[in-house]
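A note on names: the letters A, B, ... follow the listed sequences, proteins ahead of strands, and every chain is numbered from 1.
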Amino acid sequence: MARDVNLNSLQELEREVILQVLYRDQAVQNIEEERIRKLKTHLQHLRWKGAKSVSPEYKEKSCARCQRELGLLLNRGAVCKGCSHRVCSECRVFLRKTSAWKCTVCFEDRNVKIKTGEWFFEERAKKFPTEGKHGTAGAKLLQSYQELSKISVVPPTPPPLSESQCSSSSNRLQELGQFKGFNKSVENLFLSVTTHMKKLSKSQNDMTSDKQLRATGPRQCAGRTERRSQSDTAINVTTRKASMPDILKPLNQESPRRLTSPVLKQEDLSSRPTPSAFFSGGLRHASLISINSTCTEMGNFDNANITGEIEFALRYCFKTCSLEICIKACKNLAYGEEKKKKCNPYVKTYLLPDRSSQGKRKTGVQKNTVDPTFQETLKYQVEPSQLGARWLQVSVWHLGTLTRRVFLGEVTIPLATWDFEDSTTQCFCWYPLRAKAEKLEDSILPSNGELEVRAKLVFPAGPRKLQEAQEGTDQPSPNGQLCFVVLGAKNLPVRSDGTLNSFVKGCLTLPDQHKLKLKSPVAKKQACPQWKHSFVFNGVSPSQLRQSSLELTVWDQAIFGVNDRLLGEARLGSKEDGAAGEDSGSPSERQWQKVLSSPNLWTDMTLILH
Amino acid sequence: MASATDSRYGQKESSDQNFDYMFKILIIGNSSVGKTSFLFRYADDSFTPAFVSTVGIDFKVKTIYRNDKRIKLQIWDTAGQERYRTITTAYYRGAMGFILMYDITNEESFNAVQDWSTQIKTYSWDNAQVLLVGNKCDMEDERVVSSERGRQLADHLGFEFFEASAKDNINVKQTFERLVDVICEKMSESLDTADPAVTGAKQGPQLTDQQAPPHQDCAC
């Protein structure tokens with residue numbers, strides 16, 4: 001230990017030892033999370049059983065829990081102190097050695113709070129309101145270690161170039177800055193470990209050096225010294241102290257990378273039913289692909305009459321945190337091309353609400369059959385705690401000539417109530433295929449939040465100069481400008497720690513399919529981000545705009561910027577190919593028309609994100 | 001992955017989930033006061049006199065039966081050495097209870113108790129339950145911290161106090177069981193004060209019924 005030569009190997013060793021502990025802890029946590037999920041599911045079932053209000057034959061005099069009818073004299077029932085519902089004697093649980101009782105649901109509710117440790121999280125939240133409920137120090141540390149090991153193997157990729165054409169360079173710089181900031185914080189962890197090692201000899205005077213630390217207090221330390229040399233060997237104690245919150249903060253517990261890591265990557269290029277022009281920019285850029293995926297998802301396909309069924313099985317492995325969907329077969333599918341009696345089906349899955357390309361899994365394409373057999377397993381990496389917020393969408397598609405897709409039907413399963421423990425639910429099962437709901441997100445999914453925007457069309461004639469001064473653009477605008485201010489968003493699907501590092505992308509598709517793309521800066525750690533960022537689309541005319549569509553997507557920035565999570569999207573303007581009907585009746589659509597018809601006036605809009 | 005013809009997946013083993021609830025406990029204190037030995041004695045009933053410094057953090061899991069409940073304890077053993085402090089303090093927040101340990105033969109470790117207690121106040125939740133433990137009470141000849149001083153400090157800090165020996169297995173089990181009990185008490189306290197909000201559904205007119213003492217005179 002005394003010799004310098006050994007220090008490095010010891011650090012390695014030290015890291016190894018700690019990692020082992022962290023992995024063991026992770027295993028314990030996974031079991032615990034599954035136990036908690038089961039308890040909550042059980043409580044939910046109990047609640048549903050007694051969901052009196054939704055039952056049409058609601059009776060005043062019936063037990064709120066088992067629905068049994070209550071009598072006037074005998075069997076009158078009594079009111080539960082917890083929920084004030086009248087329940088029969090069967091549905092009461094007496095508290096230990098007392099005559100006090102609660103109804104089954106109230107009792108279970110309290111029970112669940114005890115058993116899940118919820119009481120502790122609630123108490124703790126009084127002191128640390130921002131702390132995620134189930135995130136543990138170990139999970140955070142482990143993640144930072146994992147991220148670090150990734151850095152050492154894969155050099156970070158630069159942000160997508162293809163989006164730079166419109167975005168200002170300052171945005172890019174800012175992004176890069178954040179990027180480095182994170183690297184720094186991971187380094188801090190290891191610097192601290194390294195430094196700890198170097199101070200080995202001093203370590204016996206345990207608490208003494210810590211005294212001065214506490215004098216400064218943890219809060220003040222948070223305003224830390226990030227800009228220091230990486231090769232610094234004599235890091236002072238304050239920096240070491242500060243490195244901890246620094247490490248912990250930027251880590252989101254549900255990194256998209258982990259959620260949807262491509263265990264089974266089936267990106268069959270030939271079956272990619274999308275305009276190839278889109279991919280010319282770079283397949284590498286997940287963000288681009290996912291926009292495209294979303295575009296085509298939103299209506300760029302043909303519909304067939306939906307018939308038939310699909311057979312698949314679901315299983316979740318708690319040890320490996322992997323969700324496996326074993327797609328077996330379909331029968332009685334509609335023909336993708338009715339006239340030619342052709343059908344080349346394949347199956348695609350998403351874990352809604354994630355519609356990004358990282359969340360997409362596909363089977364191979366079966367040729368010329370309406371009763372295809374797939375026997376393929378699609379896998380997702382999902383933390384147990386995440387399952388409750390997900391819907392599995394399984395859809396069947398026909399791959400036509402010229403990569404035209406035809407929708408053959410889909411099945412959507414909420415995973416929140418799926419009992420992964422019960423072996424009967426792991427059996428293969430036939431599910432009837434259904435049509436896409438008119439507005440799928442409205443009927444099945446809650447909206448993914450609202451986006452506040454303000455738009456104005458600026459003509460070259462009058463106030464253009466003013467506009468230029470305001471927006472600081474110096475490009476010539478032959479026709480006009482569309483100014484779009486993304487104010488903020490709320491009710492977004494936040495991470496488990498209640499925050500987001502969100503940003504907005506705007507994509508204006510002109511009639512000639514030319515796309516103008518802009519991107520906002522990232523609003524860090526905000527659940528309700530306020531970007532107040534201006535998108536200015538130059539060189540567009542009102543007539544062009546009438547045939548254009550503007551797509552706004554909100555993203556949660558991933559740590560390395562390549563696996564950003566799509567939070568929601570809103571769309572304005574004409575639909576591509578006119579595939580979907582013009583729903584000019586919607587408020588946002590009317591407002592959009594107003595923007596186009598009243599130039600030089602700001603119009604405020606609230607767009608629902610899906 | 002199950003084979004293609006397999007119509008059902010295998011059963012997942014769930015034996016590990018056979019407990020009612022889980023408590024997380026942290027053992028802290030200066031280096032070499034005997035935290036790891038204390039844990040090993042409790043979890044494995046073993047003892048080795050050799051001193052091996054803990055690297056960062058470690059934990060052991062033990063399921064006990066207490067008050068008619070199976071309680072799974074995840075007991076975190078922390079490195080006492082200052083250089084691991086950033087890692088160990090990160091674990092304070094997840095702990096429901098603490099065992100703060102000093103060595104009765106080591107004055108310095110006793111003097112540090114106040115500072116450790118401040119650390120708990122800083123990094124842990126407000127109702128953190130702490131037991132002060134003076135370890136190595138088998139080494140009476142080398143004792144420098146009297147029981148009385150230990151007790152006084154514990155009273156001063158509002159902790160319960162034990163003298164224990166991991167080597168001779170004195171008061172080890174008792175310490176953990178007492179800590180579990182005080183956490184249980186805190187839990188009941190926290191739940192019972194928050195009880196009225198147990199469920200959302202309230203029906204106005206029936207609230208008056210609620211005031212009446214709960215009869216269980218066979219309504220059914």
Review point. Are any non-hydrogen side-chain atoms of Y84(B) and E14(A) less than 4.5 angstrom apart?
Key: yes
Exercise for review: Identify the two heavy atoms, one from Q74(B) and one from V28(A), that lie closest to each other, and give their separation to 0.1 Å.
Suggested key: NE2-CG1, 4.0 Å
Check your understanding: Contact part of S109(B) toward chain A, heavy-atom cut-off under 4.5 Å: side chain, backbone, both or neither?
Key -> neither
Check your understanding: N111(A) versus chain B, heavy atoms under 4.5 Å apart: side chain, backbone, both or neither?
Key -> neither
Point to revise | Choice from Y92(B), F59(B), Y21(B) maximising heavy atom contacts with chain A below 4.5 Å | key: F59(B)
**Study point:** Separation of E189(B) CD from E123(A) CD (nearest 0.5 Å)
**Key:** 8.5 Å
Practice item. With side-chain contact (heavy atoms from CB on, under 4.5 Å) as the test, would you mind laying out the steps for W119(A) and M96(B) before giving the verdict? Key: CA-CA 11 Å; W119(A) 65 274; M96(B) 298 167 188; 4.0 Å; yes
Point to revise | Side chains of R124(A) and D126(B) in contact at under 4.5 Å (non-hydrogen atoms) | key: no
**Study point:** Residues R24(A), V61(B); criterion side-chain contact (heavy atoms from CB on, under 4.5 Å); working and verdict
**Key:** CA-CA 10 Å; R24(A) 274 199 299 133; V61(B) 171; over 6 Å; no
Check your understanding: Looking at side-chain heavy atoms only, is the closest gap between K127(A) and Y123(B) below 4.5 Å?
Key -> no
Revision key, fill the gap. Honestly, the part of A95(B) sitting under 4.5 Å from a heavy atom of chain A is backbone
Review point. For K24(B), is it the side chain, the backbone, both, or neither that has a heavy atom closer than 4.5 Å to a heavy atom of chain A?
Key: side chain
Check your understanding: Is chain A contacted by the side chain of I183(B), its backbone, both, or neither, given a heavy-atom distance below 4.5 Å?
Key -> both
Review point. Rounded to the nearest 0.5 Å, how far apart are CG of L22(A) and CD1 of I57(B)?
Key: 5.0 Å
Check your understanding: NZ of K186(B) to CZ of F120(A): how many Å apart, nearest 0.5 Å?
Key -> 13.0 Å
Point to revise | Side-chain heavy atoms of Q29(A) within contact of M22(B), under 4.5 Å | key: yes
Check your understanding: Going by heavy atoms in the side chains, are W125(B) and K126(A) under 4.5 Å from each other?
Key -> no
